[in-house]
> 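Handing you this structure, nothing more for now.
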Amino acid sequence: MESSWGTFEILCGIVALIISLYYYFTLPFNFWKSRGVQGPQPKPGFGNITNVALAKISMSDYITKLYNDYKDERLIGIFARRTPLLIIKDLDLIKDVLIKDFTKFPNRGLPVVEKMEPLSQHLFNLESKRWRPLRMKLSPVFTSGKLKEMFSLISECADHLVQYMEKIASLDEPVVECRELTAKYTTDVIGSCAFGLEMNALSNEDSEFRKMGRKVFSPSWPNVLRTRIRTMFPKLYDMLGYILPQMEITKFFTSIVTETMNYRDTNNVTRNDFIDKLRELKNHPDKLGDVDLTDTLIAAQAFVFFLAGFETSSTTISNTLYELALNQKIQDKLRKEIDETYAKYGKDLTYDNIKQMDYLDKVFKETLRKYPPVTVLMRQSVSNYTFDNSTKVSIPKGQKIWIPAFAIHRDPNFYPQPDVFDPERFNEEAVQSRHPMTYLPFGDGPRNCIGARFAVHQTKLGLVKILRNYKIDVCAKTPIPYVSDPKTFLLLVPKGGIHLKIIKINRT
C-alpha cells in the first residue's frame, strides 16, 4: 500500500512539473492577442520559430512567408520561444521607428556578452549609451574624402584579384567558388585600408585573417549552437566566460590591434585610417565621456569593421556575378559601360570615375534589392510606445522589433516580378515613385550602416576589374535556383556557395 502511494506521489509530481513547464512556456502567448495584433499560433518551447531553430528553413524565408501570409496586416506578432517579437510591415511605421522616433528605438536589442565574447562590444551591437559617442568619433573615417584617399589601395587589391583569377582561368575547368574568391579580395582591402597590414589572403592560402573570417561566419553546427545559446540564454552564456578561456578569435584580434597600435606609437607612424582613429580615442578617452574605453572595446570596433567590411561586400560581389552569369545581356551592357569608361579615362580609374558609372550603380542596387546581406533590421524600444495612425497598438519598454527588409525587397507591390533581376528598377523615375522604406540594404536613420560608402566602392571597383577582364558564366555546379542556407540567422548566405565559370577576355 505504501509503495503504491509513493508511486502515486511521484506521478503527481511529474504531472505538476509538466503543468508548471507548460504554464511557464505558454504564459506570454496572450501578449499579441490582447493588443489586437495578428500572428500565427505559437507552440510551447519554440514559439513560432521551430523550423528556424531546427535549421529546416532560413530566417529570411520564414519571415517572408509570414509577410505574405498576413498580407493585409500592418503588424505581425510572433514569439521566439517565450519572447514576443513585433514584425512591422507598414512602411510609414517603419519610417517612424528608424527615423522619426529613433530616440525611442536607438538599440538593436542584440546581446552583448562581454565575458564570453569580449568582441561583441562593437558598434553593431552596443546600446545607445556607448554606441552614440563611438559612432560620432568613428564616422569621419568613412567620409568621401577619406574614401578618395583609400581608393588607390582598394584598386591595388582589385588588381591582385584579377591576377589571382588569371591562374583559375588558365585551368581546364575554370570554375571558382565566388564567395571564397571575393572574400579573399575584401579581406585584403580591409587589411590595407583599415589596419595598414598586408593580409595576403589572395596570395597566401594560409592567411590568418582569412582563417578567422571563415571561423566567424562558417554555418557549422558549433557556430549554430553557440548562436542559439547566446540568443536564448544570454546571461548564462556570459557567465560561461568566467570558466571558459577566451576564444581564439578574441585573442587574435585583440593582439593584432594592440600590436599594430603599439608599433605605430613606437615608430611614430601615422596613416589617418581606422586604427589611427582608435589610437586617438585610446590616447584621449575623455572624448567619449563616461564610456569605459577598455582594450577589448577598442579591439571590438576593429573586429566588426573587419567582419562587416569583408563579409557583406564579398557576398554582394558574388551575388552580382551570379545574376550576371544568369543574365548575359545585362553583363554585356555593364561591360560596355566599363569599357567606355576605360576608353575615356584610361586604365587608372579614380573614385569619381567609378561614381559616374550609372549602369553599374543600377546593377549594384538591384543586387542589394534582391539579396540584402542583412535580411531583418532589429530595434528595441527604450520606453513605452504607441504607434500612430490607425493601429494605436501600444508596446512596452524593451519590446523587440523586426523590420523584414528581405521580404519588403521581394514584395511584388513595390517591385513587380521580384524574382526577375532588372537594374532599371533603379532609374531615377522608378526610385522617385517608391516609398523610401522599400529599399533598406544598409538600414536607415541614425543607426544605418556606418561603412556603407566604403562597402559600395570596394564592391564596385572589384566588379569593374573582374568584368573588364573576365566573362562570367554558369556551370554544372551553379546553384539554380538560389537557396538560402538555413543554418545562418539574419545574414543571407547561399547554401553550398556560388560556383561560376570564368573566361578570360583577350584584348588586342
Side-chain angles (χ1 to χ4, degrees), residues 14 16-67 69-70 73 75-89 105 107-113 115-117 120 124-125 127 219-241 374-382 393-404 406-407 484-491:
I14 293 173
L17 178 61
I18 292 173
I19 292 173
S20 298
L21 287 172
Y22 181 82
Y23 183 74
Y24 171 80
F25 282 116
T26 60
L27 181 62
F29 287 174
N30 196 47
F31 186 90
W32 292 123
K33 187 179 292 185
S34 67
R35 288 167 169 76
V37 177
Q38 299 297 310
Q41 181 64 34
K43 298 178 181 178
F46 286 109
N48 297 112
I49 62 168
T50 305
N51 289 332
V52 173
L54 296 176
K56 292 183 178 180
I57 185 174
S58 68
M59 182 63 81
S60 59
D61 289 338
Y62 173 66
I63 297 297
T64 301
K65 183 179 184 305
L66 281 180
Y67 182 97
D69 287 347
Y70 292 85
E73 299 297 328
L75 303 168
I76 306 171
I78 66 169
F79 294 84
R81 292 161 295 279
R82 300 175 72 248
T83 303
L85 301 174
L86 183 62
I87 299 173
I88 304 182
K89 291 182 57 183
F105 304 94
N107 299 333
R108 287 199 169 91
L110 293 166
V112 177
V113 283
K115 297 292 186 300
M116 189 64 178
E117 294 183 17
S120 66
F124 192 85
N125 287 354
E127 78 292 340
S220 61
W221 277 110
N223 272 359
V224 172
L225 183 61
R226 184 180 297 111
T227 301
R228 299 290 189 268
I229 297 174
R230 184 199 304 125
T231 306
M232 293 168 64
F233 312 109
K235 291 183 180 178
L236 173 63
Y237 186 74
D238 201 28
M239 287 174 61
L240 295 175
V374 179
T375 60
V376 174
L377 307 180
M378 306 173 76
R379 294 293 185 270
Q380 186 174 32
S381 61
V382 294
V393 171
S394 294
I395 56 174
K397 177 182 178 180
Q399 177 59 54
K400 293 177 183 287
I401 287 173
W402 286 11
I403 296 168
F406 181 86
S484 300
D485 195 324
K487 291 182 182 178
T488 59
F489 185 44
L490 298 177
L491 294 178

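When a residue number appears, it is its place in the shown sequence, counting from 1.
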> Can you name the closest pair of heavy atoms from Ser60 and Thr375 and give their distance?
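Where Ser60 meets Thr375 most closely, the heavy atoms are CB-CG2, 3.6 Å.
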> Taking the side chain as everything from C-beta on, heavy atoms only, tell me whether Tyr62 gets closer than 4.5 Å to Asn48.
yes
> Look up atom CD1 in Ile87 and atom CD1 in Ile403, then write down how far apart they are to the nearest 0.5 Å.
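With rounding to 0.5 Å, CD1 (Ile87) is 11.0 Å from CD1 (Ile403).
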> Please enumerate all residues that pass ring pair (Phe, Tyr, Trp, His ring centres under 6.0 Å) together with Phe406, with sequence neighbours excluded.
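Per chain and number, Phe406 pairs via ring pair (Phe, Tyr, Trp, His ring centres under 6.0 Å) with no residue.
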> Can you tell me how far the CZ atom of Arg81 sits from the NZ atom of Lys43, to the nearest 0.5 Å?
15.5 Å
> Can any side-chain N or O of Ser381 pair as donor or acceptor with the backbone N or O of Gly398 at less than 3.5 Å?
yes
> Could you tell me whether Arg35 sits above the aromatic face of Phe31, with NZ or CZ closer than 6.0 angstrom to the six-membered ring centre and within 45 degrees of the axis?
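Yes.
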> Specify the closest pair of heavy atoms between Lys89 and Glu73, including all atoms of both residues, with the distance to one decimal.
CD-O, 3.4 Å
> Distance check, rounded to the nearest 0.5 Å: Gln380 atom CD versus Ile401 atom CD1?
9.0 Å
> Distance-only, no hydrogens or angles: does the Gln399 side chain make a donor-acceptor pair with backbone N or O of Pro84 under 3.5 Å?
yes
> Using modelled atom types and a 3.5 Å cut-off, is there a donor and acceptor pairing between side-chain atoms of Trp32 and backbone atoms of Ile78?
yes
> Counting only N and O atoms by type, is there a donor-acceptor contact under 3.5 Å from the side chain of Arg108 to the main-chain atoms of Phe124?
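Yes; judged by distance alone, with no hydrogens or angles, the pair exists.
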> Can you find a pair of side-chain heavy atoms, one from Leu491 and one from Val374, that are under 4.5 Å apart?
yes
> Determine the minimum heavy-atom distance between Thr83 and Lys400, stating which atoms define it.
CG2-CD, 4.2 Å
> Are side-chain heavy atoms of Ile49 and Leu85 found at a separation under 4.5 Å?
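A side-chain contact under 4.5 Å is absent here.
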> Any idea which heavy atoms bring Ile63 and Val376 closest together, and the distance?
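Looking at all heavy atoms of both residues, the closest pair is CG1-CG2, 4.3 Å.
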> For Thr50 and Phe46, work out which heavy atoms get closest and say how close.
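What the structure gives for the nearest pair is OG1-CB, 3.2 Å.
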> What closest approach, in Å, do Leu66 and Pro40 show between heavy atoms, and which atom pair accounts for it?
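Distance-wise, the nearest heavy atoms are CD2-CG, 3.7 Å.
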> side-chain contact (heavy atoms from CB on, under 4.5 Å) with Asn51: which residues, sequence neighbours excluded?
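By the side-chain contact (heavy atoms from CB on, under 4.5 Å) rule, Asn51 matches Lys56, Ile57.
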> Asn107: which residues meet the side chain to side chain donor-acceptor pair (under 3.5 Å) condition with it, sequence neighbours left out?
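Side chain to side chain donor-acceptor pair (under 3.5 Å) check on Asn107 returns nothing, list empty.
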